[in-house]
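Below: one structure, written as structure tokens.
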Amino acid sequence: MSSYPCSKCPISMRNSTTQFPHPTSTKQRICYPKSIVSQISSRTNSTTSSEDNFPTMSEIMEASRSQNVDLQLGTLGPFFRITAKSLKTQRDLGKAEGLIRVWFQGKVLHLDSIKLQKETLGMEKSIFGIGLFIGAVAIRHGYDSGCKKAELLAIYDTELYHTKLVRFYTRIGFKTVHQVSGESLGDVGHMLVWGGVGTRMDADIDHLLVKWCTRFKPKS
């Protein structure tokens, strides 16, 4: 029987320690193409520039006071209520109610209702004036809460009032997404959420704030 030296013994080889080279500690810099860096920088600057043009909540409130309208925003958890009162007569002019709804695509500003007092509905300027102030507070509140989209139903009470509502919401930047008539199975979900029939409308909140910037931003 032949014998093996200890250094060649299989058992000895298995128990021997194998040394690997230590990984280098030098950090490698990743260099991106100039075109990608330029695009990222451009998008960042564009977003910052747009936000600078958004009217702030204080600017909206100040603009309403200059028109003798006092706006108040109250919140309770996700729910909110906005009230408008005349600074001259102290009479209520209108209100809006809704909530910040968490959805799988992100937060959504759900405008449940915007109501104006009957004495203001006879004046064309009221629905586009007072209604715009109330809506602006709601939209800014949605933006401050992290919402990207606003949704509402232009309720169908009467033909005249519904027509004015759709025209008002379209003018300020909302777009029609569905007509809820109650005559189809697809309307059931909308009616359960909104409690009635009318025109479903959505809007991009950033777009609305840019659209309204000249109305509420102070002139330099």
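Just so we're clear, the structure is a prediction, and the values are computed from it rather than from any experiment.
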Please round to the nearest 0.5 Å and tell me the distance separating atom [atom1] of [X] and atom [atom2] of [Y].
X    : Y    : atom1 : atom2 : value
L208 : L109 : CG    : CG    : 9.5 Å
I155 : L153 : CD1   : CG    : 4.5 Å
I114 : Y169 : CD1   : OH    : 4.0 Å

Shortest non-hydrogen separation from [X] to [Y] and the atoms involved:
X    : Y    : answer
Q179 : T199 : OE1-OG1, 3.0 Å
G196 : V180 : O-CG1, 4.0 Å
G173 : A203 : O-CB, 3.8 Å
H162 : A154 : CD2-O, 3.2 Å

Flag side-chain contact, heavy atom, 4.5 Å: K148 against I205: no

Student check: side-chain heavy atoms of D206 and F54 closer than 4.5 Å: yes

Salt bridge (charged side-chain N to carboxylate O under 4.0 Å, His left out) partners for E59, two or more places apart: K217

Partners passing salt bridge (charged side-chain N to carboxylate O under 4.0 Å, His left out) against K149 (at least two apart in sequence or in another chain): D202

Derivation of the side chain to side chain contact (heavy atoms under 4.5 Å, CB included) call for K95 and D92: CA-CA 8 Å; K95 67 178 181 179; D92 293 332; over 6 Å; no

Qualifying salt bridge (Lys or Arg N to Asp or Glu O under 4.0 Å) pairs with a residue from residues 129-143, counting only residues at least two apart or across chains: R140-D144

If the condition is side-chain contact (heavy atoms from CB on, under 4.5 Å), which residues does [X] pass it with, not counting sequence neighbours?
X   : value
Q72 : D70, T83
A84 : V69, L71, L93, I130, I134
N68 : L87, K88
S66 : none

Worked verdict on R91 versus K85 for side chain to side chain contact (heavy atoms under 4.5 Å, CB included): CA-CA 6 Å; R91 298 181 65 178; K85 181 181 292 186; 5.9 Å; no

Six-ring centre of W212, R215 cation under 6.0 angstrom, axis tolerance 45°: no

Main-chain N/O of S86 paired to T89 side chain as donor or acceptor, under 3.5 Å: no

Donor-acceptor contact below 3.5 Å, side chain R200 vs main chain L152: yes

Pairs involving residues 71-96, ordered by first then second residue, that meet ring-ring contact (aromatic ring centres under 6.0 Å, His included) (sequence neighbours left out): F80-H141

Passing candidate, side chain to side chain contact (heavy atoms under 4.5 Å, CB included) with P55, options I139, L209, V210: L209

By side-chain hydrogen bond (donor to acceptor under 3.5 Å, both in side chains) - contacts of E62 (at least two apart): R65

R81 CZ: over 12 foreign heavy atoms closer than 6.0 Å: no

Test ring pair (Phe, Tyr, Trp, His ring centres under 6.0 Å) applied to H207 - qualifying residues, sequence neighbours left out: none

Fellow cluster residues of V177, listed by chain then number, with links counted only when side-chain atoms sit under 4.5 Å apart: none

Single-linkage hydrophobic cluster L99~M57, side-chain heavy atoms < 4.5 angstrom: no

Check: F174 ring centroid to F168 ring centroid under 6.0 Å: no

Pairs satisfying side chain to side chain donor-acceptor pair (under 3.5 Å), at least one member in residues 107-116, at least two apart: H110-E151

